[in-house]
Amino acid sequence: MTDSHFCGSPEHRISRRGWLGTTAAAGTALAADMTFLDVLQSPALASELQTRQKRVILLWLAGGASQFETWDPKPGRPTGGPFAKIQTSVPGIEISELMPKMSTRLHQHTSLIRSLNTRIADHGTAYNLMLTGRVGEPGVDFPDMGAVLAHELGQIDSEVPDYVSMYTSTEGRRKGKAGFLGARYNPMFLTDQMTPENIGKLDSISSVDHRDRAALRQLLAKRFSSDRPSPSVASHNTAYERVRGLMASEKLFDIDQEPRSVRNAYGPTQFGEQCLIARRLVEAGVPFVKVARAWWDSHGQNFETHLELCADLDHCMSALLDDLQQRGMLEDTLVITLGEFGRTPNINGSLGRDHFARAWSCSLSGCGIKPGTVYGKTDEDGNTVVDGEIGAGDLFATIFKALGIDYHKEYMLGSRPIPIADFGAKPVEEILA
Amino acid sequence: MNLTLARIVPLFFSMWLSIQCVFAGESDRALAEQIDQHVDAQLVAAKVSPVATLGDAAFVRRLFLDLTGRVPTRQEWQDFQQREDANKRLLLVDRLLDSPDFAFQLRNELDMMLLARKTHNDAWREYLLAACRENRSWDQLFQEILLPEYKLPDQPGPAAFIRERVQDLDELTNETSSLLFGVNIACAKCHDHPLVYDWEQQHYFGMAMFFKRTYRTRNGLVAERPEGQMKFTNIIEEEKQAEFMFLTGAKVDEPEGNLSKEELKRIEELVRKAEKDGKAELPPLPEFSPRKEFVALAVDSAEANYFTRNIVNRMWARLMGRGLVHPLDQMHSENAASHPELLDALAADFAQHGFDLKRLIRGIVLSEAYQRSSQWSSEELPPAPELYAVAVPRPLSPWQLSLSLLVASRNPETLPGLDKPDDWEQQRQQFESQANGMARRLEIPDDGFQVSAEEALFFNNSAQVENDYLRDSGNRLVGYLKTIEDPESLIHAAFVTVLTRPPSDQELQAMLQYIRAREDRRVESLQQVVWALLASPEFRFNH
Amino acid sequence: MPDPKQLKRTHAWRTPNILFSLTRVPDSERVIVGSSDFQINELDLAVEKPEPIPFVGSGHTSYVTGLALLGDTLVSAAYDGQLLFWSRETREQQKAVAAHQKWIRQLVASPDGQRVYTVADDMLCKAWNVGSGEAIATFTGHELLTPQGYPSMLYAVAVSADGKHLATGDRVGHVAIWDTESFEQIAELETPGMYTWDPKQRRHSTGGIRSLAFSPDGKQLAVGGVGRIGNIDHLDGPARLEIFDWQAGQRLHELENSKRKGLIEKIIWSPAADWILTMGGDHKGFLTFFDLQSGELLHQDGNDGHIHDGVADDACENIYVAAHQRLERWTIANS
């Protein structure tokens, strides 16, 4: 039986959803580990087991932060703006004076990439590009970074959520998608509150009844699904079985559980609070947390806006890295700063900078990263990349490799491969530990 | 003589009538029989025994979900149980097809197939409902959707299919091709398909050309500009001019235009105005309409292959859980149907009988293949799904689920359903409005559907669920159960109302225990029992 | 007699830079401009094609945001926190003072020519002796952080014609008025309309008081900025002016103009205080005149260049304007 879905062309390695395929039986056949590895059989895959301890926090700089006012300053140039550069704790590396706290920490954990050229400069398309690592194609629903990493790093019967996304500002808010990986990998998406929707039980039912009611439901479910070997039916049970664990994780979102000193270290801003929640989540085993700090889209008043937002980023990122370090978590946690694109070298009449994807920056800190490194160079005015140009796919390959995930890996569906990193993507070895 | 004539005429008339009935009956079963013939042949060849046919309760539930878009009311189920006709299943099929529910259900299915994934549009849904009520033929629907400005010029409803996609030519081309012809040609944009000789770049651009000139006006209508060309570059970097070319390779030549440059400019100005200003004068319709040519080609008997086979395949997939061609948008020579002759036969029948959707659906649900159970208790893996040896549990669509939740959580005594047809149409209309919000919250299932933790949390902890489905009031199930003193009867009533079956012994005992342990909070315990039933996979799926 | 309705642009000189500050050499057509290329240049606008003559020294290392000419001494301030002293005649730098820890936003000279006052984002206003270059006093009436906990900015400073009073205005709309002899704060005003904090869509702030000017008799204070902005990605809000009887603490005028939007960066009172000129911009620039008797818009015009600074000649007939990539001269002389 041939089941031809795709053209076989290396450029279009696409497939359908339903990745569990026709061979998977009901829920029982699935291993606890979502990557279906039988570790006992294959000792070489013990590293895969280690992979499952890794975590990612994505600090999403929504709207596109300016590389000039953060990681790649060009003071004195017509494109440089008014802010100076400061020497960091790594000789030869200077960043914007708006990031003083990070400047003293660069040698400890962080690597900068200054040579992103992703070409796409509209919010929606660029968002998809930077969150899925590829341009995409019609008819294929690629999962985003969070869903892929939830899949790679998480546990199928996890008691904690495996993909949490905090995006409270409304501008640029996008839900995140599990794509063909299925709703199992949808993010827990927090918008108005700092706790997920429906995570607390209603007052009209007691805890005991809530639990017993679930058991009653499960009795019915068991009977039904025992002779219905369908992955969709199985997913229903999985989802309900996770509820109690997910509800128990409600307190992870409660920063009042933290001592004053820790709360003060992160500071009073919403971004700080959400970074603290992110730390609590990864500490409890959540593999992927996205904290969006919106909205950097400074078409006017770029310098005033960055003055404010960089203060927030500098402070909270430093607090987060310090905190992770202190708890011995940083070597297993990758912290990423990234946006849709950077901002134009040109400064417009409102003293703003517009969208710019031809030469911009991001940062990676922690797990698998060689600290105090910089990859790539832009020209003196920041108009083009002159060395080390990479795209979104390469960035993803780098992230996967830093986490110990094989970036060549493909999701196999019968004979149809879907590579987790875009075709031809290569990791930036120079910044990997 | 008069007397003789008076006797002969009615005699002949009744004979004629009964012959009609017999013939009608014959062709009624003909489709179903053809289906079973082909499916059984493959089962025999594969040496696979199909599972048993559904019992009555399961059959009724499945049929109601597929033909009315909701679970049956208790009354409807009990009514069926009590009938003694040998062919009561056939009669039920016809009854449901003629019910007001059918039009709503078909409307929701078509909406899901064609637009709901992109957007919710009330005018479009109203248009579809009117069409479904008339059992408008598929070829007519197709023409109205693709040529709204010609077929239904003042209605923004049917224009929605094109309008919602017109800003992105690739999307419009590919989705038209996928949804209306079963062909995903996205690959072919970049290069000729290396394996599938059917699809070359020229096919992709050929299809796109038919839509290139289409635009949307400010007030939601669609129209075409008088000119517009496309070029594409092939993999050896040659630039080629795209021609109007359908999937089959059939081409259309554009006649020489007789508009001067000035006239073209003037029309372009009008187009620009119409795009921005809702009150602007609409430009004249072009002499040569690519979309008209497209539709003519698509429905033309020589080229109608894709057009007919696609809809047949999709209707089949909705009812049987899997297309004869799978996946649904990969109809090409390298991806044969599981039952090629059956697909051809169904397509031919569909075309011969005026592209009648109701008839097609009827034929499918009357087959034995459709009526197979979904239960598979063996330790061995089930047979390959394309054999249709055992039914595949299908997740309810957002509409089916929301409507069913409303129906199942009502007081069964006050919800007769089709037994009171005059009241029912209005009730059904009300349910549709009430189900709106919930339906739009839920995900439209695709191949490999998975339930999200979000849904599970929502059902567990949201006030909305508690309010809408577990309320203790006279016209609700919980309110009704409260009035039943005997716990066994109560539990029985709950099961029959929600799941259309009685409880097993184990289930009964578990429920009795549950309720008895909560005498002090009886109503809550009833709510919790109802919740367990509504939140079960048995309710969530069509099986 | 100057007549705003006669407003006309007489010259525009293009430059690749953004001109942030400007001062005029008295009784001449010579102006000195501070620019985004960190340079200070003098230009003689009487000639057809004025050539910039640079001031030379170690110079500034960021945008030059303030200039004041006191006799032969030119004092300049910039984002680099430095106050530089130059000889206007030789155009050579004489002295450099590390004046503020953060970016200096504005500079103004006392009418007696003895002092300059600076405001910077360390939220301090300092008084300086021009002769010695030493700080005389520091005014600390502004909060370091905005109500939302972010670093604030101190944008504007003005001195009354009699030299007795000083006004400072910040990001969040707080105005402090000081006695220049006792160095005490003697009044304060609030103009919260100048500050937009968006908690929902974009979660940051914009706006701020950008300009202050005392009336010729010193009794009124004009405050300029931008009004409420919906989409804070842009300067898409009405230009906003508030005028107070500052001693009584009473607002006399609240004037907004949405035809030509953006920040009011500079305010000039007419000598008779019968009208007031506001200049500024968003992507473009504006000169907007209000009639102070009626409180109505009197006249407005503008051009492509967002105006950052401007100065009128003594007769108030010619206005010299430093803008985005241009230097302009406008006239309101009655022809």
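A, B, ... follow the sequence lines: proteins, then strands. Residue 1 opens every chain.
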Chain A contact via C:Ser36 - side chain, backbone, both or neither, heavy atoms under 4.5 Å: neither
Part of C:Asp236 lying under 4.5 Å from any heavy atom of chain A: neither
Segment of A:Gln301 engaging chain C (4.5 angstrom heavy-atom cut-off): side chain
Residue A:Arg77 versus chain C: region with a heavy atom under 4.5 Å: neither
Part of C:Asp233 within contact of chain A (heavy atom distance under 4.5 Å): both
Region of A:Asp192 that comes under 4.5 Å of a non-hydrogen atom in chain C: side chain
Most contacts with chain C, counted as non-hydrogen pairs under 4.5 angstrom, among A:Gly352, A:Pro82, A:Pro268: A:Pro82
Winner by heavy-atom pair count (cut-off under 4.5 Å) against chain C, out of A:Asp312, A:Thr170, A:Thr168: A:Thr170
Max heavy-atom pair count under 4.5 Å with chain A, selected residue of C:Arg171, C:His306, C:Arg202, C:His324: C:Arg202
Part of A:Phe303 lying under 4.5 Å from any heavy atom of chain C: side chain
Engaged part of A:Leu307 at the chain C interface, taking heavy atoms whose separation is under 4.5 Å: both
Interface moiety of C:Ser205 toward chain A, non-hydrogen atoms closer than 4.5 Å: both
Chain C contact via A:Leu351 - which portion, at a heavy-atom distance below 4.5 Å: side chain
Option that, when pairs with chain C are counted at under 4.5 Å, heavy atom only, ranks first among A:Gly80, A:Ser169, A:Gly300, A:Gly76: A:Ser169
